[in-house]
Amino acid sequence: MKLICITGGVLSGIGKWITGASIGAILKSAGYQIFMQKFDGYLNVDPGTMNPLEHGEVFVTDDGAETDLDIGHYERYIDTSLSANSSWTTGRIYQEIFEKERKGEYLGHTVQVVSHVAQIVKEKIKDWYIYGKTDISLIEIGGTVGDMENEYLIESVRQLRHELGEQNVIFVHLVYVPFLGASQELKTRPAQFSVKDLRARGIEPDVLVVRADKPIEKKVLHKLSLMTGVEENCVIPSPTVKSIYQVPVNYQGYALGNILLQKLNLAQKPFDMSKWNILMQHIEQATVVKKIAMVGKYCTLEDAYYSLNEGLKVAGYRNDIKIQLSFVDAEKIEKDWTKLLEGYDGIVIPGGFGNRGIEGMILAAQYARENHIPYLWICLGSQIMAIEFARNVLGYADAHSEEFSPEGQHNVVHLMQHQRGIQTKGGTMRLGSYECVLDPESLAYRLYGTKQIAERHRHRYEFNNAFREAFEKSWFHISGTSLDGELVEVVELRDHPFMIATQAHPEFKSRPLAPHPLFVGLIQAMKGDKWSFKKHQQ
Ligand code: GLN
């Protein structure tokens, strides 16, 4: 069993995920099978019920788990689909323990954090390593060393190293070195203390990754090596770079992959970073700027739509286009819609819940339809597209979704049958990967290049089939449905250059080395490529 544990020190928010995910990308490029798990200290069972403004987006896996957005980062970098087994919280672990305790599985014993909870953490790591036929597993410990709520996680991985041996469990510790303006230098002391903190918990770091906002001179690395005892070639600088996709290439520039393989006593194999280098070339070449308006309500935190932002950006790079994303507050559109939407090459509406901003989104849909602006709608966005079309083209002035007007007469979007009667909130939506069949005479089919697709979902409402005939008589094309034809999955407009919407979340399957076809299509339409499938015959 070969495990790399990633811990963080000094500050939170310095990007442990990028270190872990980049290590994953490097090792994967040498042909190793990589798995990852993230352990978080908080008590929510999963992030599914947390506000994206507080915790960032909820990332959905194929098997329908609502996970931490870091799982998405790892999927993108190691280009591998992960599952519920990758995302663990104290809440989820305790839930399991309480269930066991009530069943009597600990009968006669006092259930304790260090023995029993740590035992569960170790089991989760070992079991899923074996189950995934993994070569190397990456274990990220949330938070910062010294956080009270993560102590038991640090203790669990310390025990693992003790049990499995130094050549099987290694530690990468990420630290931050602040820049002091007065003396114009990077200061290493907080990083030194953070290594001490880790040592006090019985863990000797094998590799130190050093984050800074400035270039890091050799003497800083030398000092850190001297003061922490980490070998000098294992102190890896990680200064802020222009693109997050540069990080794996930069790390491998310091032979990080070779160092890790050597520490783990694994065979050295050639690392092929060529795909990452090509991506970097595209990023360099992307000088033409195209503007996308993202019309939503979580406009203040980029992390709230992280996968979507990255999906759009990498689709841009693939076309040598630099995407400039602007968040347009849907509520403000309600007041002054045309002005706020002027000058964009494309409009995107992401998924969402709740009433706020809905009328603004409907206006954005109308604007994009009438002005022939390329337009991609996701989940809630696809429902908005149906409402707008029903109101302004089909003539149902009061058209709405049951989510926002429960008693409405013309709810073209309504609660899914199997959702009726569900009262609890966590993990109860239609979640995870579902298959969809595409009409070969459609834009969706041309973009995907295949008749059957599978995308990830996270919703409770769906297109109301009672209105299907009315829609299909017009130029509103239902181009993708569930395999039994019952659920509407993809819709598009026939007389528009690029107006397509999906009930699913394509952003969860877009990868930097393999951008999603819907996003690539949108960017091409923004460049002026003619995608419109067929003119509507009046
Ligand atoms: N609120 C809508 C629903 O539950 C859309 C959800 C979403 O966009 N993820 O169906």
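All ligand and atom numbering here is 1-based and tracks the order in the structure. No hydrogens, no waters, no symmetry mates; every other heavy atom, side chains included, goes into these values. Throughout, numbering of the chain's residues begins at 1 and tracks the sequence. Only a predicted model underlies this, so the values are computations on that prediction, with no experimental measurement involved.
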Nitrogen or oxygen of I378 less than 3.5 angstrom from that of ligand 1: no
Contact atoms of ligand 1, heavy-atom distance to H505 under 4.0 Å: 9 (N)
Check: D68 side chain, D70 main-chain N or O, donor-acceptor pair, under 3.5 Å: yes
Aromatic plane relationship, H459 with H457 - under 30° parallel, 30 to 60° tilted, over 60° perpendicular: tilted
Residue pair F404 / G354: nearest heavy atoms and the distance that separates them: CE2-O, 3.3 Å
Matching residue for S307 among H516, R76, E75, E507 - test: side-chain hydrogen bond (donor to acceptor under 3.5 Å, both in side chains): R76
Protein contact of atom 5 (C) of ligand 1 - nearest heavy atom, named by residue and atom, plus distance: G352 O, 3.3 Å
Parallel, tilted or perpendicular: rings of H372 and H496 (30°, 60°): perpendicular
Identity and separation of the nearest protein heavy atom to atom 4 (O) of ligand 1: R460 N, 3.0 Å
Carboxylate-amine/guanidinium proximity below 4.0 Å for K124 and E96: yes
For L380, the ligand 1 atoms whose distance to one of its heavy atoms is below 4.0 Å: 5 (C), 7 (C), 8 (O)
Side chain to side chain, L43 and E149, heavy atoms closer than 4.5 Å: no
Those atoms of ligand 1 less than 4.0 Å from some heavy atom in E403: 1 (N), 2 (C), 3 (C)
Minimum-distance protein heavy atom relative to atom 7 (C) of ligand 1: C379 SG, 2.9 Å
Note: R420-E402 ion pair, threshold 4.0 Å (strictly below): yes
Protein residue, atom and distance nearest to atom 9 (N) of ligand 1, heavy-atom basis: R458 O, 2.8 Å
Protein heavy-atom partner closest to atom 10 (O) of ligand 1 - residue, atom, separation in Å: Y461 N, 2.8 Å
Contact check, Q503 vs ligand 1, heavy-atom distance below 4.0 Å: no
Contact with ligand 1 for M416, non-hydrogen, under 4.0 angstrom: no
